[in-house]
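The first residue in the sequence is number 1, and the count goes up from there.
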Amino acid sequence: MTAYRTIVVGTDGSETSFRAVDRAAAIAADCEAKLIVVCAYSAPEQRKVDSAQDRLGSDVAYQVVGANPAEDTVRDAHDRAAKQGAKDVETVVRDGNPVSVLSKVVHQREADLLVVGNRGLNTLAGRILGSVPAEAARKSSVDVLIVHTS
């Protein structure tokens, strides 16, 4: 089996997504691979945020809003990855849909593994809004590791 050379992991700043970062970092350390930590963000209209929170509850409607929180998220993820032994870690923050952003980064960086957490696969939010892990796995052109985070 060939070792992975470039691994992309998505995070939204939640504790569960950081578990996926930890797993991706451990694999990167074992394979001596480059790890690219990605955080997608959007600045939704306030009425949409309020509507999502009303429908789903504030604990489920968690979102990264604006670039500054996303920058903080990837900085924290970078530190966690280093603690797991990953030596070559880059961070990417982009405005857009998480699955689209992850797919573009995987393609642009010629990654051979995408890592995401399982959050959203079996939740009300996942059924209403769509599940990032399920859609990422369905659309990916590379291996996908869905880390059990909950």
Side-chain angles (χ1 to χ4, degrees), residues 1-44 48-49 52 56 59-150:
M1 180 176 137
T2 303
Y4 294 111
R5 296 176 323 270
T6 304
I7 300 168
V8 170
V9 61
T11 182
D12 63 5
S14 64
E15 185 55 38
T16 56
S17 74
F18 282 145
R19 290 186 201 136
V21 170
D22 291 345
R23 179 67 59 84
I27 294 168
D30 288 346
C31 296
E32 297 180 2
K34 175 186 292 284
L35 178 64
I36 303 170
V37 179
V38 179
C39 184
Y41 72 92
S42 63
K48 290 183 180 178
V49 172
L56 303 172
D59 59 327
V60 178
Y62 176 83
Q63 293 186 37
V64 176
V65 180
N68 287 339
E71 292 290 348
D72 292 341
T73 293
V74 294
R75 190 172 21 261
D76 292 345
H78 183 283
D79 293 346
R80 287 181 74 121
K83 287 180 184 172
Q84 292 294 324
K87 304 254 185 276
D88 187 1
V89 183
E90 293 181 19
T91 60
V92 175
V93 173
R94 294 216 180 130
D95 183 10
N97 170 283
V99 174
S100 296
V101 169
L102 288 169
S103 295
K104 286 177 186 172
V105 172
V106 163
H107 177 73
Q108 291 168 344
R109 302 296 180 92
E110 299 179 349
D112 43 14
L113 178 64
L114 171 62
V115 179
V116 293
N118 73 330
R119 184 174 181 214
L121 281 173
N122 295 313
T123 66
L124 174 61
R127 289 191 294 273
I128 292 173
L129 302 174
S131 166
V132 170
E135 188 177 350
R138 197 170 44 252
K139 292 183 175 181
S140 182
S141 60
V142 300
D143 291 352
V144 177
L145 172 63
I146 299 176
V147 177
H148 190 276
T149 60
S150 51

| Taking atom SG of Cys39 and atom CG of Asp72, what is their separation to the nearest 0.5 Å? | 10.0 Å
| field | Spatial distance of atom NZ (Lys104) from atom OG (Ser100) [nearest 0.5 Å] | value | 6.0 Å
| request: Under the side-chain contact (heavy atoms from CB on, under 4.5 Å) rule, what do Ile27 and Leu145 come out as? Steps first, then yes or no, please. | output: CA-CA 11 Å; Ile27 294 168; Leu145 172 63; 3.5 Å; yes
| When you check the gap from the basic side-chain N to the acidic O, do Arg19 and Asp22 get nearer than 4.0 Å? |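 Result for this pair is no, no salt bridge flagged.
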| query | Between Glu110 and Arg5, is there a side-chain N and carboxylate O pair less than 4.0 Å apart? | reply | no
What pair of heavy atoms forms the shortest contact from [X] to [Y], and how long is it?
X: Val9; Y: Ala24; answer: CB-CB, 3.7 Å
X: Val144; Y: Ala137; answer: CG2-CA, 4.0 Å
X: Gly117; Y: Ala20; answer: N-CB, 3.7 Å
X: Gly13; Y: Ser17; answer: N-OG, 3.4 Å

| Tyr41 and Asp12: CA distance, side-chain angles, deciding distance, side-chain hydrogen bond (donor to acceptor under 3.5 Å, both in side chains) verdict | CA-CA 8 Å; Tyr41 72 92; Asp12 63 5; over 6 Å; no
| query | Got a sec: does the CD of Glu32 have more than 12 other heavy atoms crowding it under 6.0 Å? | reply |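 Check fails, neighbour count at 12 or below.
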Taking side-chain contact (heavy atoms from CB on, under 4.5 Å) as the definition, give me every residue that meets it alongside [X], ordered by chain and number, with sequence neighbours left out.
X: Thr91; result: Val37, Val74, His78
X: Asp79; result: none
X: Ala25; result: Leu35, Ala81, Gln84, Ala86
X: Ala29; result: none

Of all residues at least two apart in sequence or in a different chain, which pass the side-chain hydrogen bond (donor to acceptor under 3.5 Å, both in side chains) check with [X]?
X: Lys139; result: Glu135
X: Arg23; result: none
X: Asp88; result: Lys34
X: Asp30; result: none

So, do [X] and [Y] sit near enough that their side-chain heavy atoms are less than 4.5 Å apart?
X: Leu114; Y: Asp143; answer: no
X: Val147; Y: Val116; answer: no
X: Ile7; Y: Ile36; answer: no

| message | Test side-chain contact (heavy atoms from CB on, under 4.5 Å) on Leu113 and Val142; report intermediate values, then the result. | response | CA-CA 6 Å; Leu113 178 64; Val142 300; 5.8 Å; no
| said: Run the salt bridge (charged side-chain N to carboxylate O under 4.0 Å, His left out) test against Glu15 and tell me which residues pass, sequence neighbours left out. | reply: Arg80
| request: Using modelled atom types only, decide if a donor and an acceptor are shared between the side chain of Asp112 and the backbone of Thr6 within a distance under 3.5 Å. | output: yes
